[in-house]
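Right, one structure below, let's go through it.
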Amino acid sequence: MAKKTNQELKALREEHVPRGPFNITPIFVKRAKGAVIEDVEGKEYIDFAGGIGVENVGHCAEQVVGAIKEQAEQFTHTCFHVVMYEPYVELAKRLNEITPGDFPKKTMFVNSGAEAVENAVKIARYATKRPAIIAFQNAFHGRTYMAMTLTSQVKPYKWGFGPFCPEVYRMPYAYCYRCPFGLEYPSCELHCAEYLEQFFVSNVAPDAVAALIVEPVQGEGGFIVPPQGYFKKIKAICEKHGILLIMDEIQAGMGRTGKLFASENFDVIPDIILTGKSIAAGLPLAGITGRAEIMDKPHVGGLGGTYGGNPIACKAGLAVLDTLNEQMLDRSEKLGEKLRKRFMDLQSRYEIIGDVRGLGPMIGMELVRDRQNKEPASEEAGKLVKRCYESGLIILRCGVYHNVIRILMPLVITDDQLEKGFLILEDNLNDIL
Ligand SMILES: Cc1ncc(COP(=O)(O)O)c(C=O)c1O
C-alpha cells in the first residue's frame, strides 16, 4: 500500500468520517515517542497535549509497550464476566491500595472516562437510594447521556442533544479568577463552599442527593484550581448530609499535578474516585474505586460490560503504575515548578495573559483582551494553538470561553524539548498580538 500524505488522508477522513468527532490538527501520526509526535510525512512536533492528558508516562513508554506485547501474545479477551484474568484483579488491588483513604476499597473497570462517570452515578444512587446528583458549573465529565448532563458547558458538548437526564443540579465552582460571587480569596472565607448549605434550600433537599461529583482541578472547564480548604468544607457538608463525594480524577490524576492523585493536594478523601486517561497510557481503560461497602451494594449483574477492564489495557495500567514511581512524581513536581516560572515570566511581559494557574505541571494561562474587564481572548487563543501547530508544537486550549492555553505534556519531556516548545509558544504569542 503506497504511503498517503496528510492531505490525502484528510480527504479520506472528510469523505468517510462525520464532522462531529473534532480534530485540533490536520495531520496524521506515523509514530510517537516520549513527548514527540512524527506525522506521516516525517515532520516532528513537540507534544504539549499528550493526546488530551493520556500520555503522562510518555508515548510508547518501554515498560508499557512491553506489557502490551506480552499480554497480546497470551490472550486479548475472554470477557471478565465469562473467564476472569489476573491483570484485572491485580490492577484493582493496586488502585485500592494507592488511592486516598485508609479503608477497604473495591475497584471495577470500564472503557472510558464517561463510562466511569455513568457507573459511579449508578453505584451512588443504588447505595444511597437517593436520586439526585450535584455537579458544578464549568464541569466536564464526558459525552454519554448522564456524563453529558453532568457536563456544564452547552456549546459544543450539549447543543442540540437534549433532553438531558433528570435529577442533576448545578453548583457554582471555586473559579477565583472569575468568582461567581464577586468575592476575593481569602477574604471570601470560602463562601462558595459554604454556599452548598444554601443551595439545598432552593435547589434540592440534601436527603435527596446521592452524590456530589467534582473535578479536583477542572480540566476542560479551564484548568481551575480551587483554593486550599475548599474541598474540606465541601466534604464536611457532604458527610453531614450522607452525600457521597465522587472525585473525577480522569484528567487531573495519575501524576498530572505532581501527586499521584490530585485529591492529595487538598488532603481530601473521596468516597469514590474515578481514574481514566493516563491510567493505561492510551489503551481504553477507566476505573471506579470506592469504599468497599458502597461498591458492593449493586446486585450481581447490575454492573459490567463486554470490554470493561480488557486484559491488555489492565496490563498497560499495571505498567503505568510501576512507571509512576516516586522518581517520576518528583520529576512531575519539578516540571510543574519550571512551567509555572516560565508562564509567570510570560505573564509579566504579555498583557494578554490574565491569569496563570494550575497544580504541578497541570498548568494553564487564561488569555484576556483586557486585564481589567477580563474579556476572554478566545479568537487569539485559537490563533495561538493553530500557529503553534504550524511551527511544530501541539498545544491545546480549554475553558468555557475557549481562552485558556493548557499544558498536558508527557511528564518525561526532556529539557531540550521543553525549551523548543516554549520558544515556539513565545514566538507565536508575539505574533498574535
Ligand atoms: C474530568 C473528565 N472526566 C471525564 C472525561 C471523559 O473521559 P472520556 O473522554 O474517556 O470518556 C474527561 C475527558 O476529557 C475528563 O476530562
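A quick note: this is a predicted structure, and the numbers were derived from the prediction, not measured. In listed order, ligands and their atoms are each counted from 1. We number each residue from 1, following the sequence as shown.
Ion pairing between Glu220 and Arg406 holds under the 4.0 Å rule for side-chain N and carboxylate O. Residues Glu38 and Lys43 are not paired through a salt bridge, judged by the lack of any N-O separation under 4.0 Å between the basic side chain and the carboxylate.
Protein residues with any heavy atom under 4.0 Å from ligand 1: Ser112, Gly113, Ala114, Phe140, His141, Gly142, Glu215, Glu220, Asp248, Ile250, Gln251, Lys277.
Residues meeting the ring-ring contact (aromatic ring centres under 6.0 Å, His included) test with Phe261, sequence neighbours left out: none.
Pairs passing the salt bridge (Lys or Arg N to Asp or Glu O under 4.0 Å) check and including a residue from residues 99-113, sequence neighbours excluded, read Lys106-Asp296.
A cation-pi arrangement is present between Arg291 and Phe103 under the rule of less than 6.0 angstrom and at most 45 degrees off the ring axis.
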Please tabulate, for the side chains in residues 301-320, all donor-acceptor contacts under 3.5 angstrom to protein atoms that are two or more places apart in sequence or on a different chain.
unit_1, atom_1, unit_2, atom_2, d
Asn310, OD1, Ile312, N, 2.8
Asn310, OD1, Ala313, N, 3.1
Asn310, ND2, Thr76, O, 3.0
Lys315, NZ, Glu70, OE2, 3.3

